[in-house]
Amino acid sequence: MEPLLAIAVGLLYAAAIYMMLRRSIVKLVIGLMLLSNAANLLIFTSAGVTAGAPPLIAEGATIPDGVIADPLPQALILTAIVIAFGVLAFAVVLIHRAYNILHTDNLDQMKDTDT
Amino acid sequence: MSLEVALPIVIPLLTGTLCVMFWRSNLAQRILSILGSSALLAASIWLLVSVYQQGHVVMFMGNWDAPYGITLVGDMLSAIMVLLTGMMALAIAVYSLASASPAHEKFGYYPLMHLLLAGVAGSFLTGDLFNLYVWFEVMLIASFALLILGGERAQMEGAVKYVTLNLLSSAIFLSAIGLTYGVVGSLNMADIAVKFGEAENPGLVDVIAVMFLVAFGIKAAAFPLFFWLPASYHTGPVAVSALFAGLLTKVGVYALFRVFTLIFNENPEFTHQLLLWIAAGTMLTGVLGAAAQFEFRRILSFHIVSQIGYMLLGLALFTPLALIGGVFYIMHHIIVKTNLFLISGITHRLLGTYDLKKLGGIYKSRPFLSLLFLIPALSLAGIPPLSGFFAKFVIIRASIEAEAWVVTFIALLVGLLTLYSMIKIWAEAFWKKLPDGTDGASLERGRTSGSLMLMYAPVIALAACTVFIGLNGQPIYAMAEFSATQLLDPSQYIEAVLGGRP
């Protein structure tokens with residue numbers, strides 16, 4: 001399972017970087033979306049994929065019975081997804097406003113503040 | 001319970017929330033903003049005193065022991081940073097009373113500002129890597145919204161670059177956290193520090209170190225990934241620019257200081273050598289970029305980049321004296337840089353432009369303002385007896401002692417070029433005659449209006465701080481020394497968080 005996930009993570013990063021290097025501002029935001037998903041999948045993979053029971057402790061016991069899955073990476077990913085969602089919502093509104101004001105979606109023409 | 005560690009985060013969050021509840025009343029928001037930032041300053045002083053007495057102040061969230069729960073840790077470095085946050089918060093809150101336009105206030109200027117402060121204070125105080133990421137994002141989302149208040153053309157362009165680069169940096173940071181968790185199975189910084197020390201695969205640790213270096217390097221605007229900063233900082237409302245200039249990049253610098261003294265201290269020949277060349281590149285490119293500019297706030301933005309180089313130099317040399325210099329430099333820089341941005345706002349109010357070619361004649365009609373500019377400007381360039389001289393002196397002395405001759409030469413050269421930039425602003429904006437096309441009516445009016453007084457007040461206070469650090473540097477130096485001792489001996493931090501357990 002891990003090799004497959006690792007390849008998927010690599011592909012997602014590559015696709016994200018490729019999209020971010022395009023000139024269109026919409027593709028830039030798609031790249032950012034893919035990038036945050038790639039990071040989430042990386043956390044999931046690198047923390048170790050265990051086929052275990054839910055991390056619940058039986059009543060009366062102090063340690064779980066048998067192999068359990070690590071719940072922390074999932075909590076991290078959930079938090080990261082929520083944050084990425086909020087930030088991307090902002091980014092989408094931003095590019096919409098930027099398009100309305102600048103009348104272009106070409107990043108090469110947004111150089112006024114660079115020089 | 002050590003309440004003082006949580007207060008600097010809770011107070012701005014609460015203030016921001018209350019401001020949202022009084023959404024319709026600008027007056028109530030203004031009062032709340034002043035009260036909130038005063039309370040933040042008071043809480044940060046409490047934290048500083050408490051850290052001074054106890055060394056490390058630790059609080060376990062939800063009473064979960066480290067390394068399982070989230071810990072808040074205040075050591076000397078974070079206490080100093082939080083104190084500066086409090087000072088800047090109050091200065092900007094007072095300044096905003098006069099500089100923020102009613103339209104901005106209607107769109108949530110004050111709630112966003114306090115959310116930003118909460119994010120900054122949270123980043124300084126957390127002892128948990130993932131929590132640091134969350135505070136970074138809190139800070140970022142508030143800064144995004146503040147930066148585009150007004151919605152002008154330049155702001156949109158600047159914001160696209162700012163948002164993209166910062167999200168890229170967050171993604172790299174998150175990936176690095178994921179890999180760290182994969183290696184050691186912990187997110188508590190103290191716990192990670194212990195376990196990385198025993199790691200079986202030092203090569204992987206170096207890879208993770210470089211990922212953190214890139215992620216925080218982007219946030220701190222270090223060479224070669226600083227381009228977003230001069231492209232965006234000068235576009236926002238001036239009080240926002242000043243707040244960003246003082247605090248935001250310094251969060252990145254703080255994170256580098258924290259991570260590269262506590263966690264990645266095993267292999268300084270590689271990581272800190274890398275940092276050294278990054279620092280040299282940052283100093284040089286920043287100052288050369290500034291030399292080519294003719295816009296008040298853009299010059300200052302490029303100088304943020306070059307000054308970041310000095311702080312990183314302090315970290316990279318990794319000797320006690322260099323770390324003292326680095327911490328001292330951060331303290332001096334935040335005060336001075338915020339002040340220069342605030343002054344650029346006053347000149348903009350008087351003459352309606354930031355373009356140096358159109359500015360002029362300020363010395364003739366406003367000699368006091370010119371004096372107020374000279375104090376931080378000369379301090380930035382490192383002229384004795386102002387604060388910048390001592391900050392630079394300590395760092396350069398440390399680099400001579402470390403026999404890093406090339407970097408020493410670059411640091412001295414950059415000091416000279418900084419002086420050149422400051423003199424350029426002085427000559428163009430203050431000294432030369434008012435150019436023909438510029439409307440100097442508000443400059444000539446002799447009396448200073450009430451709102452202008454509000455803009456002067458924080459500038460005077462910050463200039464007084466600069467002079468105070470310059471003339472009475474010993475207590476400040478002692479604070480920096482205390483913090484450097486703690487940074488060089490991470491076992492104290494680990495002991496305080498993990499309570500002596502392995």
Side-chain angles (χ1 to χ4, degrees), chain A residues 2 9 12-13 16-17 20 25 28-29 31-49 70 72-73 75-77 79-105 107 109-115, chain B residues 68 129-131 133-134 136-138 140-142 144-145 147-148 151-187 204 208 215 227-228 230-235 289 292-293 295 298 301:
Chain A
E2 270 102 340
V9 170
L12 271 175
Y13 272 111
I17 302 292
M20 290 180 72
I25 193 169
L28 173 75
V29 170
L32 286 173
M33 268 176 220
L34 290 175
L35 195 65
S36 70
N37 287 336
N40 289 339
L41 203 56
L42 177 74
I43 299 180
F44 184 68
T45 315
S46 82
V49 184
D70 185 356
L72 195 66
L76 300 184
I77 293 166
T79 316
I81 287 174
V82 173
I83 292 174
F85 176 75
V87 172
L88 283 170
F90 176 85
V92 170
V93 176
L94 175 71
I95 61 163
H96 179 69
R97 289 283 297 153
Y99 180 74
N100 280 345
I101 292 175
L102 303 169
H103 304 297
T104 175
D105 77 332
L107 284 167
Q109 289 173 14
M110 299 188 186
K111 285 182 178 162
D112 282 359
T113 61
D114 282 337
T115 47
Chain B
Y68 301 109
L129 263 187
F130 193 76
N131 200 231
Y133 167 76
V134 174
F136 265 38
E137 296 299 306
V138 168
L140 277 184
I141 194 84
F144 292 164
L147 192 65
I148 56 159
E152 283 166 27
R153 198 185 156 84
Q155 285 180 301
M156 288 301 150
E157 287 196 12
V160 168
K161 291 157 197 164
Y162 180 80
V163 168
T164 311
L165 261 295
N166 275 294
L167 290 186
L168 180 67
S169 140
S170 295
I172 297 171
F173 184 17
L174 194 58
S175 311
I177 291 175
L179 291 177
T180 309
Y181 187 77
V183 175
V184 296
S186 176
L187 291 167
L204 191 56
I208 296 174
F227 299 100
W228 57 272
S232 62
Y233 269 27
H234 65 288
T235 59
Q293 296 298 324
E295 208 258 25
R298 289 209 66 175
S301 300

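Chain A is the first sequence line, chain B the second, and so forth, proteins listed ahead of strands; every chain is numbered from 1. As the structure is a prediction and not an experimental result, all values here were calculated from the model.
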Measuring heavy-atom distances to chain B, does [X] have an atom under 4.5 Å in its side chain, in its backbone, in both, or in neither?
X: A/Ile101; value: both
X: A/Ile77; value: neither
X: A/Leu107; value: side chain

Do [X] and [Y] touch side chain to side chain, with heavy atoms closer than 4.5 Å?
X: A/Leu35; Y: B/Leu167; result: no
X: B/Phe144; Y: A/Leu94; result: no
X: B/Tyr181; Y: A/Pro73; result: yes
X: A/Ile83; Y: B/Phe136; result: no

Show which side-chain atoms of residues 37-45 of chain A pair as donor or acceptor with protein atoms under 3.5 Å away, not counting sequence neighbours.
{"from": "A/Asn40", "atom 1": "ND2", "to": "A/Ser36", "atom 2": "O", "distance (Å)": "3.4"}
{"from": "A/Thr45", "atom 1": "OG1", "to": "A/Leu41", "atom 2": "O", "distance (Å)": "2.7"}

Between [X] and chain A, which part of the residue has a heavy atom less than 4.5 Å away: side chain, backbone, both or neither?
X: B/Thr164; answer: both
X: B/Leu187; answer: side chain
X: B/Leu179; answer: both
X: B/Val160; answer: both
X: B/Ile148; answer: side chain
X: B/Val134; answer: both

Practice item. Starting from the C-alpha separation in whole Å, work towards a yes-or-no answer on side chain to side chain contact (heavy atoms under 4.5 Å, CB included) for B/Ile141 and A/Val87. Key: CA-CA 7 Å; B/Ile141 194 84; A/Val87 172; 4.1 Å; yes
Exercise for review: Grab the two heavy atoms, one from B/Lys161 and one from A/Met110, that are nearest each other, plus how far apart they are.
Suggested key: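 So the minimum-distance heavy-atom pair works out to NZ-O, 2.8 Å.
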Check your understanding: Between CZ of B/Arg153 and NE2 of A/His103, what distance do you get to the nearest 0.5 Å?
Key ->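 It comes to 7.5 Å.
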Practice item. Output the distance between atom CD1 (A/Ile95) and atom CE (B/Met156), rounded to the nearest 0.5 Å. Key: 12.0 Å
Practice item. Applying ring pair (Phe, Tyr, Trp, His ring centres under 6.0 Å), name anything that partners B/Phe130, two or more places apart in sequence or on another chain. Key: B/Tyr133
Check your understanding: Among A/Val29, A/Leu88, A/Leu72, which residue forms the greatest number of heavy-atom pairs with chain B at distances under 4.5 Å?
Key ->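 Most heavy-atom pairs within the cutoff with chain B belong to A/Leu72.
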